[in-house]
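Below, each value reflects all heavy atoms present in this structure, side chains not excepted, and no hydrogens, waters or symmetry copies. The chain is numbered in sequence order, starting from 1.
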Amino acid sequence: MKIKAKTCDENFLEEIKRNFDTKYIDLYRNFDKKGIQELFNNELVYDIEHEFEYLELFDPKSFSDLFTNNIKKTYEALKFLTPVQASREEFWFTMINTVYLDYLLDYLKTVSNSKNFNEKVKNSIFYNSSNIRAQVIQRISRYWWLGYKTYDEKNVSNPYWLTEYFFEYDGSSKIISFFSSNLTNNKDIALGIIEGIKNRDDKVINNRWTYLTMNKYFNAMGGVRILDIMTREEIKKETMKHIDYIVKNPELLSAEDRKRVIKS
């Protein structure tokens with residue numbers, strides 16, 4: 001089904017954010033679909049020129065399936081966006097409250113008894129922190145950005161091969177620690193690290209701690225070398241080289257990190 005993408009005026013977004021706890025939270029607490037639709041039915045919410053093939057999202061029990069399924073569906077549908085366009089909070093705020101409203105409400109029902117329900121709603125619909133971090137937290141934005149940062153145009157047969165690998169194990173806990181940093185805001189760096197880890201899959205575990213170890217290494221390297229001018233291939237080779245080094249010299253890691261990172 002082809003539908004128009006939507007966005008809103010920034011003043012509308014700011015008014016909702018400013019008065020959310022006093023005027024609007026009950027719409028979400030009561031899963032009031034009609035009320036939310038009426039709220040977004042005004043001249044400050046409007047279609048943009050792009051039409052796209054809407055694909056329904058869902059949250060399966062497996063975190064791996066959840067992310068790979070929803071990333072592929074969102075990124076494929078909205079691949080027309082540029083990174084600049086995809087950085088606009090107004091776009092994602094509007095899309096999740098209109099086009100993807102059913103998905104939002106289905107998710108909120110699963111966390112309705114949570115003590116921090118209000119925060120979960122805000123994180124789902126707003127950019128509720130710094131831009132880079134919020135991009136991978138907001139409930140729809142994150143699927144596009146995770147798709148964009150792991151999509152490999154060079155692999156024609158399966159451009160999602162690194163997406164699938166990244167989320168194969170421990171995906172949900174890796175997202176924030178790996179993708180909310182300035183380091184991996186550079187797509188070539190992100191792809192190079194993931195591919196490097198995949199190429200050393202026999203030596204290290206595909207989990208959060210391995211990616212944190214690589215982040216620390218490259219952040220330290222950034223003090224003496226300009227990382228942004230390194231190619232993806234150079235990043236991949238440097239990742240593999242460092243993995244080989246810590247495997248040969250495990251005492252460089254704490255005892256706890258050795259268990260978390262290095263395969264026995």
Side-chain angles (χ1 to χ4, degrees), residues 59 62-68 70-71 74-75 83 86-87 92 111 116 119-120 122-124 126-152 160-201 203-223 227-228 230 232 235-236 238-240 242-243 245-247 250 252-263:
D59 286 355
S62 160
F63 273 114
S64 173
D65 290 343
L66 182 159
F67 283 105
T68 54
N70 290 342
I71 286 169
T74 305
Y75 190 66
S87 298
W92 298 113
V111 296
N116 59 340
E119 286 307 305
K120 288 185 180 297
K122 291 176 186 177
N123 284 334
S124 294
F126 299 128
Y127 274 14
N128 212 25
S129 56
S130 66
N131 248 26
I132 295 174
R133 183 181 176 86
Q135 285 167 357
V136 294
I137 293 177
Q138 202 265 8
R139 200 74 192 167
I140 301 297
S141 166
R142 66 177 181 169
Y143 296 134
W144 190 93
W145 280 103
L146 293 169
Y148 171 75
K149 290 182 179 183
T150 60
Y151 186 90
D152 184 6
Y160 290 102
W161 70 296
L162 292 177
T163 312
E164 292 165 357
Y165 176 73
F166 184 86
F167 289 101
E168 183 176 73
Y169 177 72
D170 194 34
S172 59
S173 69
K174 286 186 284 196
I175 293 171
I176 303 301
S177 56
F178 188 62
F179 283 115
S180 64
S181 71
N182 287 323
L183 175 72
T184 52
N185 204 37
N186 181 318
K187 179 173 177 171
D188 283 337
I189 292 177
L191 288 174
I193 291 174
I194 299 170
E195 188 176 1
I197 291 172
K198 189 177 191 311
N199 284 357
R200 290 294 184 267
D201 197 50
K203 297 182 178 182
V204 291
I205 304 167
N206 179 22
N207 66 9
R208 175 187 176 214
W209 304 103
T210 298
Y211 288 86
L212 280 173
T213 299
M214 297 315 306
N215 271 16
K216 288 177 184 176
Y217 174 67
F218 279 105
N219 279 322
M221 184 190 292
L227 299 180
D228 282 338
M230 292 178 70
R232 172 179 161 183
I235 294 290
K236 179 185 77 173
E238 195 66 43
T239 298
M240 294 161 60
H242 186 61
I243 289 172
Y245 183 67
I246 61 175
V247 169
L252 294 173
L253 302 177
S254 68
E256 194 62 39
D257 280 350
R258 284 199 293 272
K259 293 177 186 176
R260 291 165 169 166
V261 173
I262 301 173
K263 282 187 173 178

> Could you tell me whether a side-chain N or O of K174 sits under 3.5 Å from a main-chain N or O of Y169, the two making a donor and an acceptor?
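Yes; at least one donor-acceptor contact below 3.5 Å.
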
> Without swapping roles, check the side chain of N70 against the backbone of Y143 for a donor-acceptor pair under 3.5 Å.
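Here the side-chain-to-backbone pair does not exist.
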
> Going through the distances and angles, do Y217 and E238 end up as a side-chain contact (heavy atoms from CB on, under 4.5 Å)?
CA-CA 10 Å; Y217 174 67; E238 195 66 43; 2.6 Å; yes

> Taking the side chain from R258 and the backbone from L253, do they hold a donor-acceptor pair closer than 3.5 Å?
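Yes.
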
> Write down the atom of T184, the atom of F179, and the distance for their closest heavy-atom approach.
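Distance-wise, the nearest heavy atoms are OG1-CA, 3.5 Å.
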
> How long is the straight-line distance from CE of M221 back to CE of M214, given to the nearest 0.5 Å?
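One finds 7.5 Å between CE of M214 and CE of M221.
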
> As a quick check of understanding, evaluate side-chain contact (heavy atoms from CB on, under 4.5 Å) for T68 and Y160, giving each step before the final call.
CA-CA 9 Å; T68 54; Y160 290 102; over 6 Å; no

> Between the side chain of N207 and the main-chain N/O of R260, is any donor-acceptor distance below 3.5 Å?
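Confirmed, N207 side chain pairs with R260 backbone.
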
> Can you see which heavy atom on I132 is nearest to which on S181, and at what distance?
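Closest approach of I132 to S181, heavy atoms only: CG2-O, 4.0 Å.
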
> For a side-chain contact (heavy atoms from CB on, under 4.5 Å) check, start with the C-alpha distance between I137 and N128, then their side-chain angles and the critical distance, and finish with the verdict.
CA-CA 9 Å; I137 293 177; N128 212 25; over 6 Å; no

> How are the rings of Y75 and Y148 set to each other: parallel, tilted or perpendicular (split at 30° and 60°)?
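Plane angle between 30° and 60°, so tilted.
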
> Ring centres of Y211 and F166 under 6.0 Å apart?
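Yes, the ring of Y211 comes within the 6.0 Å limit of the ring of F166, centre to centre.
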
